[in-house]
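As a basis for the values below, the full set of heavy atoms in this structure was taken, side chains included, without hydrogen atoms, waters or symmetry mates. Chain letters run A, B, ... following the sequence lines, proteins first and then strands; every chain starts at 1.
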2 protein chains.
Amino acid sequence: MEKHCCHSPLSEESAKELLGHSGLNRTKVKVRILLELSKSSRPLSVQDLHEKMKQSCDVSTIFRTIAQFKEKDLIQEVNLDEGFFRYEMSHQENKNKKSPQHNHHHHHVRCRECGDIQQIEKCDLTAFEKAIAKLGFTEMEHRLEFTGLCSRCA
Amino acid sequence: MEKHCCHSPLSEESAKELLGHSGLNRTKVKVRILLELSKSSRPLSVQDLHEKMKQSCDVSTIFRTIAQFKEKDLIQEVNLDEGFFRYEMSHQENKNKKSPQHNHHHHHVRCRECGDIQQIEKCDLTAFEKAIAKLGFTEMEHRLEFTGLCSRCA
DNA sequence: GTAGCTGCAAAACGTTTGCATGTGA
DNA sequence: TCACATGCAAACGTTTTGCAGCTAC
């Protein structure tokens with residue numbers, strides 16, 4: 001269990017490279033969003049991004065960009081029951097595979113009081129998944145999110 | 001692992017009793033919502049309820065009622081990443097205690113294709129919760145939701 | 001009688017879309 | 001040049017709120 005994300009902030013160059021590899025144009029907005037996501041230690045909402053970019057682009061553009069990034073598996077959507085989504089850089093263990101299982105799989109703990117978000121690295125749910133497979137389900141994905149009170153708020 | 005919910009549909013009488021015990025008025029709408037939730041084998045959205053009640057009351061009333069029921073722990077909110085919430089009857093193991101831990105804790109599997117929802121009875125995440133406690137978090141709650149393809153859709 | 005419930009209308013919120021203009025390759 | 005990206009405005013679906021009238025107790 002580690003406190004912070006394991007990826008490192010992208011440089012402008014590497015962000016552009018990443019966009020190129022994904023077949024996306026290297027526009028100002030796309031680069032900027034990648035930089036903000038890659039340097040954040042926690043998943044960001046569209047509002048977060050809009051503020052960090054000082055409203056220099058429209059939220060609709062952010063949503064459209066996010067949609068493209070999701071499709072290319074550059075980022076992952078995170079749902080912490082806040083009424084909106086957050087997004088974080090994908091951490092792919094094997095860059096050749098695109099299925100969700102091949103992303104560096106992890107979850108989050110969020111403090112119900114102050115909203116602090118920490119990352120949980122380990123994910124071993126094999127017993128659950130086997131049991132559900134017995135119900136006839138395949139291609140399983142799961143989401144496991146914790147909330148609690150962090151030490152400051154307890 | 002069981003397929004269906006373990007609670008039984010309420011009678012009109014028992015619904016009124018439940019409302020009385022919770023200090024809520026025994027109005028037509030409140031009784032009706034309790035009956036619909038208690039007889040459903042899966043969590044219902046506000047839209048679901050509105051349709052089942054044949055639009056005989058306003059959605060805003062349903063939302064307000066739902067909020068009261070949640071506060072009194074009569075129902076639980078379920079988030080299956082559909083863009084809206086669902087609600088189901090609480091299954092309290094110990095009716096004297098009100099903390100989330102004392103609800104009959106369970107989760108769901110939802111088919112990404114047809115939306116079928118099944119219930120998972122077991123919930124053993126002690127290893128996870130202990131690890132997170134080490135991060136300094138207390139009063140933990142968690143949400144574990146699976147999606148996959150059910151046998152019909154695979 | 002009064003606190004609480006309801007319907008209606010309007011608004012809030014996150015998100016999506018259409019369209020006209022602007023930009024990257 | 002031309003597909004793609006963007007800003008703006010308008011719409012969407014879910015949820016919340018204000019207010020006036022109604023109902024349970």
Touch class at under 4.0 angstrom, heavy-atom based, for K28(B) against every strand present: nothing

Which residue lies more 5' along DNA chain D, comparing L24(A) with N25(B) via nearest heavy atoms: L24(A)

Sugar-phosphate, base or nothing in reach of D58(B), heavy atoms under 4.0 Å: base

Touch class at under 4.0 angstrom, heavy-atom based, for Q68(B) against every strand present: sugar-phosphate

Spacing between N79(B) atom CG and dG14(C) atom P, to the nearest angstrom: 16 Å

For atom NZ of K70(A) and atom C1' of dT15(C), their distance in whole Å: 11 Å

Whole-Å gap separating P (dC12(D)) and CZ (F84(A)): 25 Å

Criterion side-chain hydrogen bond (donor to acceptor under 3.5 Å, both in side chains) on Q118(A) and H108(A), from CA distance to verdict: CA-CA 6 Å; Q118(A) 293 189 31; H108(A) 302 88; over 6 Å; no

Whole-Å distance separating the NZ atom of K72(A) from the C1' atom of dC4(D): 13 Å

T27(A) side-chain N/O to dT23(C) phosphate OP1/OP2 under 4.0 Å: no

Whether T65(B) side chain and T61(B) backbone form a donor-acceptor pair below 3.5 Å: yes

Gap between atom CG of L18(A) and atom CD of E13(A) - 0.5 Å precision: 12.5 Å

Contacts of T147(A) that satisfy side-chain contact (heavy atoms from CB on, under 4.5 Å) - sequence neighbours left out: R110(A), R112(A), E141(B)

dT6(C) phosphate, OP1 or OP2, under 4.0 Å from T65(B) side-chain N/O: yes

Contacts of E17(A) that satisfy side-chain contact (heavy atoms from CB on, under 4.5 Å) - sequence neighbours left out: H21(A)

Touch class at under 4.0 angstrom, heavy-atom based, for R64(A) against every strand present: base

L34(B) CG to dC5(C) P, straight-line distance once rounded to whole Å: 13 Å

Rounded distance in Å - CG (L19(B)) to C1' (dG4(C)): 13 Å

Under 3.5 Å, side-chain donor or acceptor atoms of residues 24-31 of chain A against the rest of the protein: list the pairs with distances, not counting sequence neighbours.
{"residue": "T27(A)", "atom": "OG1", "partner": "K30(A)", "partner atom": "N", "Å": "3.3"}
{"residue": "K30(A)", "atom": "NZ", "partner": "Q68(A)", "partner atom": "OE1", "Å": "3.1"}

I'd like a table of donor-acceptor pairs (distance under 3.5 Å, sequence neighbours excluded) in which one partner is a side-chain atom from residues 52-59 of chain A, with atom names and distances.
{"residue": "S56(A)", "atom": "OG", "partner": "M53(A)", "partner atom": "O", "Å": "2.8"}
{"residue": "D58(A)", "atom": "OD2", "partner": "S60(A)", "partner atom": "N", "Å": "2.9"}
{"residue": "D58(A)", "atom": "OD2", "partner": "S60(A)", "partner atom": "OG", "Å": "2.7"}

Secondary-structure string, 5' to 3', Watson-Crick or G-U under 3.5 Å, | for another-strand partners, for DNA chain D: |||||||||||||||||||||||||

Residue-phosphate contact under 4.0 Å: Q47(B) side-chain N/O, dT14(D) OP1/OP2: yes

Sugar-phosphate only, base, or nothing, as touched by F63(A) at under 4.0 Å among non-hydrogen atoms: base

Distance in angstrom units between L80(A) CG and dG14(C) C1', rounded: 16 Å

Atom pair distance, as rounded to whole Å: CD1 in I62(B) and P in dT17(D): 17 Å

Closest to side chain of S60(A), choosing from dT16(C), dG7(C), dT15(D): dT16(C)

Earlier contact from the 5' end, DNA chain D, for G83(B) and K30(A): K30(A)

Qualifying residues under side-chain contact (heavy atoms from CB on, under 4.5 Å), relative to S14(A), sequence neighbours excluded: L10(A), S11(A)

